[in-house]
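Below is one structure, written out as structure tokens; comments come after it.
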Protein chains: 2
Amino acid sequence: MPETARSASARTPERRYGNRPTMKDVAARAGVGLKTVSRVVNGEAGVSPDTERRVQESISALGFRRNDSARILRKGRTASIGLVLEDLADPFYAPLSRAVEEVARAHGALLINGSSAEDPGREQELVLALCARRVDGLVIVPASDDHRYLEPEIAAGVATVFVDRPPGHIDADLVLADSFAGARDGVSHLIAHGHRRIGFIGDRPGIHTAHERLRGYRAAMSEAGLPVAEGWLAPGATDPGRVRADAERMLEGPERVTALFAGNNRVTVTLVRVLAELDRPVALVGFDDFELADLLSPAVTVIAQDPAQLGRAAAELLFRRLEGVDDPPRRMTHPTRLIARGSGELPPSD
Amino acid sequence: MPETARSASARTPERRYGNRPTMKDVAARAGVGLKTVSRVVNGEAGVSPDTERRVQESISALGFRRNDSARILRKGRTASIGLVLEDLADPFYAPLSRAVEEVARAHGALLINGSSAEDPGREQELVLALCARRVDGLVIVPASDDHRYLEPEIAAGVATVFVDRPPGHIDADLVLADSFAGARDGVSHLIAHGHRRIGFIGDRPGIHTAHERLRGYRAAMSEAGLPVAEGWLAPGATDPGRVRADAERMLEGPERVTALFAGNNRVTVTLVRVLAELDRPVALVGFDDFELADLLSPAVTVIAQDPAQLGRAAAELLFRRLEGVDDPPRRMTHPTRLIARGSGELPPSD
DNA sequence: CACAGTCTGGACAACGTTGTCACCAGCGTC
DNA sequence: GACGCTGGTGACAACGTTGTCCAGACTGTG
């Protein structure tokens with residue numbers, strides 16, 4: 001019987017889910033129809049207690065588990081959402097991610113997530129892979145500055161919410177912290193404590209939050225009638241080596257700064273290390289709060305935003321869209337909060 | 001024509017992916033057969049350049065994106081793996097999660113993850129939801145101590161690797177740090193610096209790592225011929241309030257401890273806060289390294305394990321299984337490393 | 001006893017994709 | 001000039017589920 005042997009092996013893919021039982025198998029074993037099994041599995045009405053018992057017995061005997069891929073194909077909703085951000089392990093984004101997960105869970109959805117590593121190509125690749133999986137919605141912390149590639153997806157009904165940074169060249173829901181006001185407040189705080197020469201070290205201005213924070217810095221300086229020397233600005237650094245070099249440059253010479261403003265939590269931590277090695281005190285205010293900031297000496301004054309709150313707001317907005325709310329795209333801005341702990345209240349040292 | 005109207009609306013689910021184009025639509029527009037579109041989309045050979053161009057044009061005109069749910073249903077592999085751990089946002093697990101993601105990415109797979117919040121029921125719910133999605137494999141940091149519910153899944157071919165803690169009542173691949181040796185080394189280090197009364201504060205002993213660390217503590221004490229008073233042990237605390245209360249209890253009275261060993265990073269951080277308020281120095285060694293440990297005063301001596309390395313090892317083992325390696329379950333143990341920074345080298349204060 | 005109404009259950013098509021197979025044209029061979 | 005070959009193409013079934021619809025077995029009623 002080469003016939004059957006060949007056709008059987010030829011038709012069957014390598015190893016389909018290791019030969020899992022299907023509803024058909026369950027139905028055969030229980031002596032009922034396919035649809036009856038479906039009804040039991042989904043808790044639908046119209047099955048007699050006796051039949052239900054037989055089906056349940058058959059299900060557990062065979063170790064059946066419904067294949068959600070087939071279900072999704074049939075129903076058209078995946079009950080899953082995608083989250084793309086820069087780095088899952090970053091202490092700023094981890095709570096954001098967790099908050100999105102909690103909201104998803106509350107809506108019975110699973111979370112698929114990926115890190116873009118600040119690489120636009122990788123962001124796009126991830127987002128489109130998620131779209132191919134037909135996630136119901138997307139939460140995106142952009143790494144790219146052009147999201148036109150998402151237009152067909154959004155048109156096709158993928159709900160999309162951006163967090164932390166705005167999308168490029170498309171209009172979509174957006175949840176932001178108020179970077180401009182936060183940075184302005186932080187720098188004004190330093191000025192209020194007597195500083196006149198203040199350095200700014202932050203991400204490259206291509207990143208929206210970095211741009212806004214630099215703008216806030218300039219606004220505070222200009223409101224106080226203070227000049228800004230070009231040497232006091234280091235927009236672009238984020239790796240410890242470069243931050244260190246920039247800081248050391250700003251801290252020497254006749255025009256040296258007496259205070260520093262750090263554009264994000266990574267920069268702040270590096271600056272804490274650099275300043276700890278100095279013999280004179282230099283004031284520091286950092287954007288983003290971080291664990292143990294209060295236990296350092298001096299404790300670090302920060303502009304705090306709440307990443308979990310941003311994530312929650314974004315996810316809730318997403319699910320509101322999925323429930324059919326069809327307003328024009330919204331932009332929500334969350335305020336920041338200055339937490340004075342000591343490092344930002346040091347007086348100028350010269 | 002009520003006929004067509006009724007049947008159309010009755011048969012069509014609410015809103016199928018917002019009416020996305022399918023291969024059939026692409027084929028119709030390009031004037032080719034369905035299978036030819038499939039070939040182009042998958043880069044299969046046997047399509048003339050001219051036809052391919054027509055199909056590509058049709059794809060981008062319609063904004064077509066392959067529906068991976070259907071593809072998965074047909075092919076039987078999802079190219080996705082699941083990760084279930086306690087808390088995505090925990091600074092210990094975040095890098096682990098990120099490492100798993102990187103390995104998955106290198107193998108062309110997506111990562112679906114969820115937090116169990118240390119709740120066995122939630123772990124099971126999550127894991128089974130992932131199985132229903134037919135993830136190819138699972139990486140699990142157990143919250144539960146009984147994983148027999150996974151037996152049918154594993155039998156059906158879901159590759160499964162446990163990390164950080166062993167599974168309960170089943171045999172499966174496992175990647176661990178050496179909690180016992182780590183804790184023993186840490187406590188021996190304190191003893192070597194003259195301490196005789198040392199407190200242990202850690203997770204509830206139901207958690208494997210906590211149990212092992214407590215065992216390591218006892219081993220070090222017993223090797224040094226030192227007695228252990230019951231009041232020096234606080235296995236079960238992990239929330240700041242309780243850790244604080246336990247520590248304060250241990251730090252008073254005639255039998256008071258001169259050093260503390262912390263069972264995990266959460267506990268260590270809380271103890272740093274408690275000890276900072278004391279007027280006399282108390283030595284501290286903590287399990288798990290954490291950011292800024294070197295900048296506190298005193299800097300914190302820790303037993304470091306590398307969560308990213310654990311995650312990477314687990315994910316790589318998983319993909320080796322998926323590639324068909326069929327050895328008996330392996331148990332890999334990673335060594336820990338003592339990093340002396342100051343807090344563990346303080347002499348006894350009485 | 002005929003009849004409508006309720007309850008249970010199953011047959012069947014469809015979701016969008018991929019594997020198999022068959023077909024057709026164009027070609028070179030004996 | 002019948003032959004097989006090859007390369008391009010499409011028809012068709014199947015993946016496992018759910019929605020629709022119909023059929024039979026009961027009930028209670030006139």
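Convention: sequence-line order gives letters A, B, ...; per-chain numbering from 1. The shown structure was predicted, so the numbers you read here are calculated from the model rather than taken from an experiment.
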Do the side-chain N or O atoms of [X] get closer than 4.0 angstrom to the phosphate oxygens (OP1, OP2) of [N]?
X        : N      : result
A/Ser38  : D/dT17 : no
A/Thr36  : C/dT8  : no
A/Arg134 : C/dG16 : no
B/Ser48  : D/dG7  : no

Quickly work out the [X] [atom1] to [N] [atom2] distance and round it to whole Å.
X       : N      : atom1 : atom2 : value
A/Met23 : C/dA13 : CE    : P     : 19 Å
B/Ile72 : D/dG16 : CD1   : C1'   : 13 Å
B/Lys35 : C/dT17 : NZ    : C1'   : 9 Å
B/Arg71 : C/dT17 : CZ    : P     : 11 Å
A/Leu73 : D/dA14 : CG    : P     : 17 Å

At 4.0 Å (heavy atoms only), tell me whether [X] reaches a base, stays on the sugar-phosphate, or touches nothing.
X       : result
B/Asn42 : sugar-phosphate
A/Val41 : nothing
A/Arg39 : base

### Message
From the set D/dG16, D/dT9, C/dT17, return the single nucleotide nearest to any side-chain atom of A/Arg74.
### Response
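Given the options D/dG16, D/dT9, C/dT17, the side chain of A/Arg74 is closest to D/dG16.
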
### A/Glu101 and B/Ser115: side chain donor to acceptor below 3.5 Å
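Result is yes, a qualifying pair exists.
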
### Query
For DNA chain C, whose closest nucleotide is more 5', that of A/Glu52 or that of B/Ala70?
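Result of the comparison: A/Glu52.
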
